[in-house]
Protein chains: 2
Amino acid sequence: MLSLRKKKILSAVVDGYIEKASPVSSKEIQKNCLQDCSSATIRNELSALESMGYLIQPHVSAGRIPSEKAFRFYVNELTYENCLTDEETSFIENKLLRKHDSLDDVIQQITDVVSQITNYTSVVVKADMADKITAIKLLDLSNGQMLVVIVTETRVLKDGMVDISDEFDELMLLQAQAWLNRLFVGKHISQFLNFTYPYTLTNDQFKLNSLFKKIIDVLRKQSLANGMDVTICGEHNIFQHSEYSDVANVQKFLSEVGSKDKMAQVFTDDGGQDGFVTIKIGSSENAPEGCSVVTSRVALGANIAGSIGVIGPVRMNYKKVLAVLDKISNIIIDMMGKE
Amino acid sequence: MLSLRKKKILSAVVDGYIEKASPVSSKEIQKNCLQDCSSATIRNELSALESMGYLIQPHVSAGRIPSEKAFRFYVNELTYENCLTDEETSFIENKLLRKHDSLDDVIQQITDVVSQITNYTSVVVKADMADKITAIKLLDLSNGQMLVVIVTETRVLKDGMVDISDEFDELMLLQAQAWLNRLFVGKHISQFLNFTYPYTLTNDQFKLNSLFKKIIDVLRKQSLANGMDVTICGEHNIFQHSEYSDVANVQKFLSEVGSKDKMAQVFTDDGGQDGFVTIKIGSSENAPEGCSVVTSRVALGANIAGSIGVIGPVRMNYKKVLAVLDKISNIIIDMMGKE
DNA sequence: GTTAGCACTCTCAATGGTCGAGTGCTAATT
DNA sequence: AATTAGCACTCGACCATTGAGAGTGCTAAC
């Protein structure tokens with residue numbers, strides 16, 4: 001699609017912007033990667049890339065900054081390269097290749113290490129996949145409330161309450177119950193988390209609709225509390241990055257990251273991408289606004305699914321993050337193999 | 001010491017500043033609390049209070065803001081008044097006067113409620129006081145490291161490693177061990193936390209000195225991990241307060257609050273004050289810089305010491321915080337009595 | 001298709017001027 | 001001796017202006 005030169009230029013803009021956090025000019029590009037053509041030529045190309053939606057010009061006498069589309073292009077083109085220094089590699093190995101008391105201990109170490117090396121906020125989600133749902137029951141408590149009971153192979157979870165002060169009759173509850181069972185029996189409890197409610201019901205079923213939504217919310221909370229563990233570390237690393245030099249952004253970021261619910265969702269949803277690594281760039285790809293999320297899926301035990309990753313500004317050092325996640329995934333695979 | 005009028009004026013400045021977060025002028029004071037004398041008189045008094053160290057004038061054409069000394073005066077003079085609305089009271093009761101699964105559940109509810117009602121960051125520290133230290137052992141591992149083992153009545157804790165790559169001989173370790181045992185045997189593990197190392201050793205003992213410091217650090221960590229639980233909630237409330245409209249302050253605050261170690265220390269040390277409630281204002285009273293800490297001691301069970309409190313800017317709504325802590329302490333005392 | 005050259009635009013930082021808030025001081029009053 | 005009215009003074013906040021610098025887009029030549 002893009003000419004080779006355009007690709008080179010686009011990559012140069014992204015690289016430059018990742019490094020400096022400020023608009024990249026035609027001259028810089030010339031100096032760094034295209035000495036054999038003039039800045040005017042590059043300006044023409046930049047202009048073309050801008051109209052294609054890859055670049056943004058903050059104002060007329062500024063350089064260009066990459067759009068989210070450009071970052072998407074950039075990570076798609078990225079070829080793996082181990083850009084970790086020897087110090088970093090041995091730091092990681094030192095921290096992880098030692099005796100650990102428990103899986104939780106390992107996970108804590110992993111989040112620590114990932115956030116320390118990448119300088120982003122790291123998240124690890126653990127889910128015990130062995131325990132499947134055998135039934136979901138809805139119980140009308142006749143006081144305007146309904147109890148949602150989830151039965152799994154090993155446990156009965158019954159913390160979820162739903163207000164049903166609007167009149168719902170017996171039949172509707174049975175309908176809802178049947179629907180839930182059809183959808184979720186046999187699946188892992190974590191399935192609730194990334195379940196998006198299909199809005200295709202007709203208007204007739206409006207009431208049922210709102211009931212479903214409430215139930216799904218409860219299930220999501222249950223899923224988090226009972227099926228998954230979320231470990232977060234390095235929230236304060238955002239202060240190192242210039243996009244968070246303003247309190248409003250810091251606040252928004254911290255409130256996103258503070259919700260384990262939200263994090264579990266973002267870090268386990270693979271967004272349809274396959275492969276072990278998932279990269280989400282910006283809100284159009286279901287990361288929080290202005291943020292990117294990089295995750296790597298790794299088995300943390302026989303039946304334990306794990307997701308290790310970082311969240312940070314869209315202007316993220318993807319190369320380094322990918323290298324760290326790769327290194328750590330390999331260590332974990334080794335560790336698990338030995339046991 | 002201060003004339004009645006000076007006291008009234010000083011309180012008015014503090015009240016006004018707590019409310020508006022901006023310097024208080026002589027006219028405002030006249031309007032709000034001293035209609036029977038002129039603004040000029042008040043100006044004279046303000047000037048006197050400033051030279052006594054109670055007030056600060058940011059610049060010549062601004063009003064006055066209270067110094068930490070003024071806040072100290074203010075809280076000393078404060079008479080208790082229940083300034084909670086009925087809604088707030090019933091909100092608190094609703095959240096706490098229900099069946100709880102466990103003590104940890106109760107504590108989580110308490111921190112939630114305190115931070116929600118006060119709009120500050122709330123901290124609860126729990127310490128099981130039953131388990132006394134019976135011995136502390138230092139074990140030279142002959143690889144430049146030393147293991148610190150703490151034996152309590154019920155457990156043996158041996159996670160603490162100290163580097164002793166500098167040469168320490170057997171004798172010194174024995175000396176150190178004896179010293180530690182003399183100080184801590186029979187006490188609760190939480191005693192490490194607020195132990196401040198006495199710097200009175202002679203130069204001869206410089207090496208021993210540095211060893212002691214390292215050991216105390218390890219013990220402090222142990223104390224936290226094994227003897228106390230720290231629950232924190234509402235860190236993000238700081239964004240509501242104007243002193244944190246600048247990232248640098250937010251960062252400093254969050255890094256202080258993020259260290260459970262530090263929080264446990266600040267929230268359990270009573271700073272020599274007696275009574276159930278402790279108020280620390282600013283770094284001169286061992287709160288973090290620019291912060292105040294208000295804590296209330298409460299038994300959370302037969303042998304379980306608890307400390308409930310908030311941390312926030314020195315410009316804190318002390319009246320409200322004290323009312324909330326009082327209300328909650330009473331509820332807890334009731335709860336514990338019933339069991 | 002590429003490039004040199006140049007006019008143009010926009011940001012940023014510094015400058016200066018006005019306005020208003022609130023003070024400190026002085027002299028008069030109680 | 002304490003209080004007060006009055007007024008000059010100071011300083012920050014706000015705004016408009018200016019000049020320098022960066023980087024572009026465009027044009028005409030290669």
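These numbers come from a predicted model, not from an experiment. Below, each value reflects all heavy atoms present in this structure, side chains not excepted, and no hydrogens, waters or symmetry copies. Proteins come first, then strands; the chains are lettered A, B, ... in the order of their sequence lines, and each starts at number 1.
Remark: His59(A), Val60(A), Ser61(A) in residues 51-68 of chain A come within less than 4.0 Å of DNA chain C through at least one heavy atom. Less than 4.0 Å separates DNA chain C from at least one heavy atom of each of the following residues of residues 20-37 of chain A: Asp36(A), Cys37(A). Of the residues in residues 239-248 of chain B, none lies under 4.0 Å from DNA chain C by heavy-atom distance.
For the residue pair Leu84(B) and Asn82(B), the shortest heavy atom distance occurs at N-OD1, 3.1 Å.
Interatomic distance, His236(A) NE2 to Gln251(B) CD, rounded to the nearest 0.5 Å: 8.5 Å. Of the inter-residue distances, the one linking Ser307(A) atom OG with Phe267(A) atom CZ reads 7.0 Å to the nearest 0.5 angstrom. Summarising the geometry, atom CD belonging to Glu285(A) is positioned 7.5 Å from atom OG belonging to Ser292(A); distances are rounded to the nearest 0.5 Å. The SG atom of Cys33(A) sits 11.0 Å away from atom CD of Glu28(A), with the distance rounded to the nearest 0.5 Å.
The distance from atom CD1 of Ile42(A) to atom C1' of dA22(D) is 16 Å, rounded to the nearest whole Å. Regarding Leu49(B), its CG atom lies at a distance of 12 Å from the P atom of dG24(C), rounded to whole Å. Spacing between atom CG of Asn44(A) and atom C1' of dC26(D) amounts to 9 Å, rounded to whole angstrom units. Remark: P of dG6(D) and CZ of Arg43(B) are 12 Å apart, rounded to the nearest angstrom. In this structure, Glu50(B) places its CD atom 10 Å from P of dT23(C), rounding to the nearest Å. Nucleotide dG1(C) holds its P atom 10 Å from the CZ atom of Arg5(A), rounded to whole Å. Regarding Leu46(A), its CG atom lies at a distance of 14 Å from the P atom of dT2(C), rounded to whole Å.
The phosphate of dT2(C) has neither OP1 nor OP2 within less than 4.0 Å of any side-chain N or O from Ser38(A).
Side-chain contact of Ser242(A) with Ser245(A): a donor-acceptor pair under 3.5 Å is absent, judged by distance alone. Side chains of Tyr120(B) and Asn317(B): a donor-acceptor N/O pair is absent below 3.5 angstrom, by distance only. Checked by atom type, the side-chain pair Thr111(B)/Thr231(B) shows no donor-acceptor distance below 3.5 Å.
Electrostatic pairing of Glu88(A) and Lys327(A) does not count as a salt bridge here, judged by no charged N lying under 4.0 Å from a carboxylate O.
Residues Val247(A) and Asp246(B) fail the side-chain proximity criterion, which asks for heavy atoms closer than 4.5 Å.
Taking the ring centroids of Tyr244(A) and Phe253(A), they lie under the 6.0 Å cut-off.
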